[in-house]
J.: 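Below you'll find the structure I mean.
Note that the numbering runs from 1 along the sequence shown for the chain. Scope of the values below: all heavy atoms of this structure, side chains included, with no hydrogens, waters or symmetry mates.
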Amino acid sequence: MSSAYPPGPKGWLRNLRSLQHDALQFLTNLARTYGDAAHFRIGPQPYFFFAHPDQVKEILVTHQASFRKNRLLQRGKIVFGEGLLTSEDPLHMRQRRLVHPAFHRERIARYGEVMVEKAKEIRDRWRDGEELDMAREMSAVTLSVVAQTLLSTEVAHEADEVGDVMTDLMEMFPILVSPIAPIVLKMGFLPRIRRFRRSAARLDKTIYSIIDGHRRTGADRGDLLSMLILATDVEGDGSRMTDTQLRDETITMFAAGHETTAMALTWTWYLLARNPEVEREFHRELETVLGGRTPSSADYPRLRYTEMVFAEALRLYPPGWITGREAIEDVRIGGYDLPKGAAVMTAQGVTHRDPRFWPDPDRFDPLRFTPEAKAARPKMAYFPFGAGSRICAGEAFAWMEGVLILATLGQRWKLESLNEVEVKPVITLRPRTPMRMRVTRRSGAGAGHGGRDVELRVPVAVSSA
């Protein structure tokens, strides 16, 4: 195998502009033009992009010790501090040990009842024929779920404000991880920078206030924050988390539990509304399994088709659509020798649509996730929650939340898509414009299966400004 760098586009200024304005399309074009591996530069920094599942496995699993989080992503510490998303070992390993019990199977089952309860609240609020922005609706329900399960607090009265704060922070993320971030962040006179700082300060104030309230009572309220406060690192030095560490992990899990699941659910409804045969099969399963009663955690393992619907939506529109690493030593990936300090990228948004592993890749087909279909393709052809030691700690939580919310809302309502929506790749795959949908009370459901093509509609130029 050759140790020369893989091929790639020249002109680092053009590469920088492409990454800044249309990162997902840029990476998609790299794979289409140069194949499984590509190399490019931005200034003196070498970048490597790998798209094949075997290469993804090498980076995230086999040789994971040779990498750390991408240097640019480390700037996310401005928001997330030293949380699981941005911290490195040994701190990352210690924090993961402390967080792990919070996602034990029995705890998640109890959280499932909260998921259904919050979904019922929004289900009962909808009115027949009402037109809604589905991204905002799903953000509201996941915000209330994460607030109750993570913080044991109600935020319904301030859901819109907290949601807007999170939107401001997410919208800023492409700037935070860009090469020009150190310059832009010093421009405090810019309205966007002022708004970002206000949003970050407001979120900090809220989180520290909740931590203080938990500290004063000293009780285990059954939420994730209580567990983190009481957790002791018995495998390490026996210490507990400081308020700063609690803040960092809380904001990280708050963002992950709220933003990513909300976007996954938003795109799932969009796909169901535009694929009536799949929607009918989805409704048929709800009628068969639930028989008209409200879902519960115990129903989750029985809602197999609903889970496949959610899985296929995560394939087509993975909220975490890109993964970045930095080589901390010389390492060989895909037959190429990468130097220490190289920036390395994989992209769920690209690999999940590779026609070699996903025939007719733009087609929405939940049957791709039968046990037989999954066994027939490389495992790392699908990695919506990452892989290796940094796989999302809340993956099981997210699967249950997605399925139970879909089931609870889908029991009563049928959704109609009212507009075409393009993706806006920021830290997650967000709708570029409001996703307008009409809700109609269901009068019945039919059987059948099918799917239609769903092209990943990325604007010609997606601005990160």
Side-chain angles (χ1 to χ4, degrees), residues 1 6 24 27-38 48-64 260 264 267-268 271-272 275 277-278 281-282 285 301 303-325 333-336 344-392 395-396 398-400 402-403 406 423 429 449-456 458:
M1 291 184 291
L24 179 54
L27 298 179
T28 299
N29 289 340
L30 286 184
R32 290 173 178 171
T33 304
Y34 302 104
D36 290 330
F48 295 84
F49 174 62
F50 294 96
H52 193 281
D54 292 346
Q55 299 164 340
V56 173
K57 182 179 179 180
E58 287 185 67
I59 296 166
L60 301 184
V61 181
T62 310
H63 300 298
Q64 59 182 305
T260 58
W267 290 113
T268 304
L271 291 165
L272 282 170
N275 290 270
E277 297 89 351
V278 176
E281 181 64 18
F282 163 63
E285 178 178 78
L303 294 167
R304 295 296 86 195
Y305 190 77
T306 303
E307 184 180 62
M308 289 193 290
V309 166
F310 192 54
E312 176 71 340
L314 285 169
R315 180 186 73 83
L316 287 165
Y317 295 98
W321 61 275
I322 186 170
T323 302
R325 294 288 187 268
I333 300 295
Y336 298 100
V344 180
M345 294 185 291
T346 65
Q348 292 92 327
V350 176
T351 303
H352 284 191
R353 289 185 183 241
D354 190 321
R356 292 173 296 178
F357 316 109
W358 307 98
D360 198 4
D362 295 334
R363 182 180 175 85
F364 178 57
D365 183 4
L367 294 185
R368 299 181 197 271
F369 290 90
T370 63
E372 297 78 14
K374 289 193 292 185
R377 59 179 174 261
K379 182 178 180 181
M380 296 306 295
Y382 184 73
F383 57 114
F385 295 95
S389 65
R390 285 189 170 274
I391 192 169
C392 176
E395 178 181 3
W399 280 111
M400 178 173 282
V403 170
L406 287 170
V423 295
L429 285 187
H449 172 77
R452 59 185 278 190
D453 289 351
V454 182
E455 181 184 357
L456 184 58
V458 184

J.: Give, for atom CZ of Arg315 and atom CZ of Arg353, the distance between the pair rounded to the nearest 0.5 Å.
T.: 6.5 Å
J.: Students often mix this up, so state it plainly: with edges at 30° and 60°, are the rings of Tyr382 and His352 parallel, tilted or perpendicular?
T.: parallel
J.: Hey, mind stepping through Arg356 and Asp36 against salt bridge (Lys or Arg N to Asp or Glu O under 4.0 Å) and telling me if it holds?
T.: CA-CA 12 Å; Arg356 292 173 296 178; Asp36 290 330; 2.6 Å; yes
J.: Might you point out which heavy atoms bring Ala51 and Val350 nearest each other, and give the distance in Å?
T.: CB-CG1, 4.4 Å
J.: Closest heavy-atom contact between Thr323 and Arg325?
T.: CG2-NH1, 3.6 Å
J.: Using the six-membered ring wherever Trp is involved, compare the ring planes of Phe385 and Trp399 and label them parallel, tilted or perpendicular (cut-offs 30° and 60°).
T.: tilted
J.: At what distance, to the nearest 0.5 angstrom, does CD of Glu58 lie from CE of Met380?
T.: 11.5 Å
J.: In Å and rounded to the nearest 0.5 Å, what is the CG to CG distance from Leu406 to Leu303?
T.: 9.5 Å
J.: Below 4.5 Å, heavy atoms only, C-beta onward: do Pro6 and Phe48 meet side chain to side chain?
T.: yes
J.: Give the intermediate values and the outcome of side chain to side chain contact (heavy atoms under 4.5 Å, CB included) for residues Arg368 and Glu312.
T.: CA-CA 7 Å; Arg368 299 181 197 271; Glu312 176 71 340; 2.9 Å; yes
J.: Atom CG in Asp365, atom CE in Met308: separation rounded to 0.5 Å?
T.: 9.0 Å
J.: One pair to check against side chain to side chain contact (heavy atoms under 4.5 Å, CB included): Ile59 and Ile333. What are the steps and the verdict?
T.: CA-CA 7 Å; Ile59 296 166; Ile333 300 295; 3.9 Å; yes
J.: Sub-3.5 Å donor-acceptor pair from the side chain of Arg390 to the main-chain atoms of Ala387, do we have one?
T.: no
J.: Can you tell me how far CD of Glu285 sits from OG1 of Thr306, rounded to the nearest 0.5 angstrom?
T.: 4.0 Å
J.: Would Arg32 count as a cation-pi partner of Phe49, with NZ or CZ less than 6.0 Å from the six-membered ring centre and within 45° of the ring normal?
T.: no
J.: Do you know which two heavy atoms are closest between Ile322 and Met345, and how far apart they sit?
T.: CD1-SD, 3.9 Å
J.: For this output row, return yes or no: ring centroids of Trp358 and Phe364 closer than 6.0 angstrom.
T.: no
J.: Grab the two heavy atoms, one from Gln55 and one from Ala37, that are nearest each other, plus how far apart they are.
T.: NE2-CB, 4.2 Å
J.: Taking side chain as C-beta onward, heavy atoms only, is Pro301 less than 4.5 Å from Glu307?
T.: no
J.: At what distance, to the nearest 0.5 angstrom, does CG of Leu271 lie from OH of Tyr317?
T.: 5.5 Å
J.: Find out whether Pro319 and Leu314 are in side-chain contact, i.e. whether some heavy atom of one side chain is under 4.5 Å from a heavy atom of the other.
T.: yes
J.: Show the nearest heavy-atom pair for residues Val278 and Pro366, with the distance to one decimal.
T.: CG1-CG, 3.6 Å
J.: Which heavy atom in Phe383 sits nearest to a heavy atom in Ala347, and how many Å separate them?
T.: CZ-C, 4.1 Å
